[in-house]
Novice: 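Please find one structure pasted underneath; my questions will follow.
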Amino acid sequence: MSNIFVISAPSGAGKSTLINELLARDPTLVKSLSITTRPIREGEVDGFDYIFTTEAEFRNRLASGEFIEYANVHGNWYGTSRASLSQQISKGCDVLLEIDVQGAAVIRELFPESVSIFVLPPNKETLRIRLENRQTDSRDVIERRLKAASDEITRAGEYQYAIINDELYRCVGDLQAIIQAARIKVMKNSILETFGKI
């Protein structure tokens, strides 16, 4: 039985770094790749970090009903392929979705048993420093991202878990603990079903 883990965070909170470290530690987790119109950043790999596409192609996929969830975030489109997610689940994989608060709400509605985790920065100043240090956005874009972060953080209460990304390895350990707890819960239900048949 698959678990679905949804991780959201404001831009600059460090969720991609956390997720990459988590995947390196846990090879049984599979990341569902979002399809995006966002420009590729230095160090990113198409087909590993995201599936990068044009806006025209994204709109074609949207019109054909390919996405189980999609949203426009900071002027770029992001979506999760319905077929790809279905295939991962049918294989019994534990799937990790790195999506924004809008997409997370859709996934929670479609998959009430999914586990949702919101990653918070230690404080607003740290978030600003992280965004500036990326050196990928203009001052105006950074200010828009900080404003959006404030709005997103108000929705952290919609998630089952909230963790503060103040220290990478401790935070990854927290994520591992949440994932392990969900796996034990699924295992418990499976064991109870088996004993119920004896």
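The residues of the chain are indexed from 1 along the displayed sequence.
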Novice: At their closest point, which heavy atom of A104 faces which heavy atom of V6, and how far apart are they?
Specialist: CB-CG1, 3.6 Å

Novice: Find the distance between CH2 (W77) and OG1 (T36) and round it off to the nearest 0.5 Å.
Specialist: 11.0 Å

Novice: Do you know which two heavy atoms are closest between L62 and F67, and how far apart they sit?
Specialist: N-CE1, 3.6 Å

Novice: Which residue pairs pass the side-chain hydrogen bond (donor to acceptor under 3.5 Å, both in side chains) test with at least one member in residues 115-124, sequence neighbours excluded?
Specialist: N123-T126

Novice: With a 4.5 Å cut-off on side-chain heavy-atom distances among I, L, V, M, F, W and Y, is there a chain of contacts connecting V172 to V115?
Specialist: yes

Novice: Should F5 and V95 be regarded as members of a common hydrophobic cluster, given that ILVMFWY residues are connected when their side-chain heavy atoms come within less than 4.5 Å of each other, either directly or indirectly?
Specialist: no

Novice: Okay, side chain of E57, backbone of T54: is any donor-acceptor separation there less than 3.5 Å?
Specialist: no

Novice: So, for P10 and A149, which heavy atoms are closest and what is the spacing to 0.1 Å?
Specialist: CB-CB, 3.5 Å

Novice: For the atom pair CD (Q102) and CG (N72), what is the distance rounded to the nearest 0.5 Å?
Specialist: 8.0 Å

Novice: Taking side chain as C-beta onward, heavy atoms only, is H74 less than 4.5 Å from V141?
Specialist: no

Novice: Please test I35 against E66 for side chain to side chain contact (heavy atoms under 4.5 Å, CB included), starting from the C-alpha separation and ending with a verdict.
Specialist: CA-CA 11 Å; I35 299 165; E66 179 174 340; 3.6 Å; yes

Novice: Would you say I153 and Y161 are hydrophobically clustered, going by side-chain heavy atoms of ILVMFWY under 4.5 Å?
Specialist: no

Novice: Is there a side-chain contact between Q180 and Q176 (heavy atoms, below 4.5 Å)?
Specialist: no

Novice: Can you tell me how far apart CD1 (I51) and OH (Y78) are? Round to the nearest 0.5 Å.
Specialist: 13.5 Å

Novice: Rounded to the nearest 0.5 Å, how far does CD1 of I40 lie from CZ of R38?
Specialist: 8.0 Å

Novice: Contact between D49 and R41 at the side-chain level, heavy atoms closer than 4.5 Å - yes or no?
Specialist: no

Novice: Apply side-chain hydrogen bond (donor to acceptor under 3.5 Å, both in side chains) to S16 and list each qualifying residue two or more places apart in sequence or on a separate chain.
Specialist: E98

Novice: Tell me whether N165 contacts the main-chain N or O of V119 through its side chain, where contact means a donor paired with an acceptor under 3.5 Å.
Specialist: no

Novice: Rounded to the nearest 0.5 Å, what's the gap from CG on L23 to NZ on K31? Could you check?
Specialist: 7.0 Å

Novice: Is there a side-chain contact between L85 and L97, using heavy atoms and a 4.5 Å cut-off?
Specialist: yes

Novice: Can you name the side-chain hydrogen bond (donor to acceptor under 3.5 Å, both in side chains) partners of D151, sequence neighbours left out?
Specialist: K147

Novice: Could you list the residues that satisfy side chain to side chain contact (heavy atoms under 4.5 Å, CB included) with D26, not counting sequence neighbours?
Specialist: T28, L29, I179, R183

Novice: Using modelled atom types and a 3.5 Å cut-off, is there a donor and acceptor pairing between side-chain atoms of S90 and backbone atoms of Q87?
Specialist: yes

Novice: Is it possible for you to say whether L110 and V101 belong to one hydrophobic cluster, with membership spreading through side-chain heavy-atom contacts below 4.5 Å?
Specialist: no

Novice: Do you reckon Y50 sits in the same ILVMFWY cluster as I19, going by side-chain contacts under 4.5 Å, direct or chained?
Specialist: no

Novice: For residues 99-125, which residue pairs qualify under ring pair (Phe, Tyr, Trp, His ring centres under 6.0 Å), counting only residues two or more places apart or in two chains?
Specialist: F118-Y159

Novice: State, to 0.1 Å, how close N3 and A182 come at their nearest heavy-atom pair, and which atoms those are.
Specialist: OD1-O, 3.9 Å

Novice: Set out, in order, the CA-CA distance, both residues' side-chain angles and the distance that settles side chain to side chain contact (heavy atoms under 4.5 Å, CB included) for R128 and E143, then state yes or no.
Specialist: CA-CA 9 Å; R128 177 184 292 278; E143 292 305 322; 2.7 Å; yes

Novice: Salt bridge check: are R170 and D174 linked by an N-O gap of less than 4.0 Å?
Specialist: yes

Novice: Please round to the nearest 0.5 Å and tell me the distance separating atom CG of L96 and atom CG of L33.
Specialist: 10.5 Å

Novice: Whether the R130 and T17 side chains hold a donor-acceptor pair (N or O, under 3.5 Å, no angle test) is what I'd like checked.
Specialist: no

Novice: Of all residues at least two apart in sequence or in a different chain, which pass the side-chain hydrogen bond (donor to acceptor under 3.5 Å, both in side chains) check with T80?
Specialist: E69

Novice: For I164 and P122, which heavy atoms make the closest approach, and how far apart are they?
Specialist: CG2-CA, 3.7 Å

Novice: Is any side-chain heavy atom of L127 closer than 4.5 Å to one of L146?
Specialist: yes

Novice: For residues A105 and R155, report the shortest heavy-atom separation together with the two atoms involved.
Specialist: CB-NH2, 4.0 Å

Novice: Would you check if S8 and E158 make a side-chain contact, meaning some heavy-atom pair closer than 4.5 Å?
Specialist: no

Novice: Step by step, would you call R25 with Y169 a side chain to side chain contact (heavy atoms under 4.5 Å, CB included)?
Specialist: CA-CA 11 Å; R25 291 190 193 186; Y169 292 103; 2.9 Å; yes

Novice: Within the side chain of S2, is there an N or O that forms a donor-acceptor pair under 3.5 Å with the backbone of I89?
Specialist: yes

Novice: So for atom OH, which belongs to Y70, do other residues, nucleotides or ligands contribute more than 12 heavy atoms lying within a distance under 6.0 Å?
Specialist: no

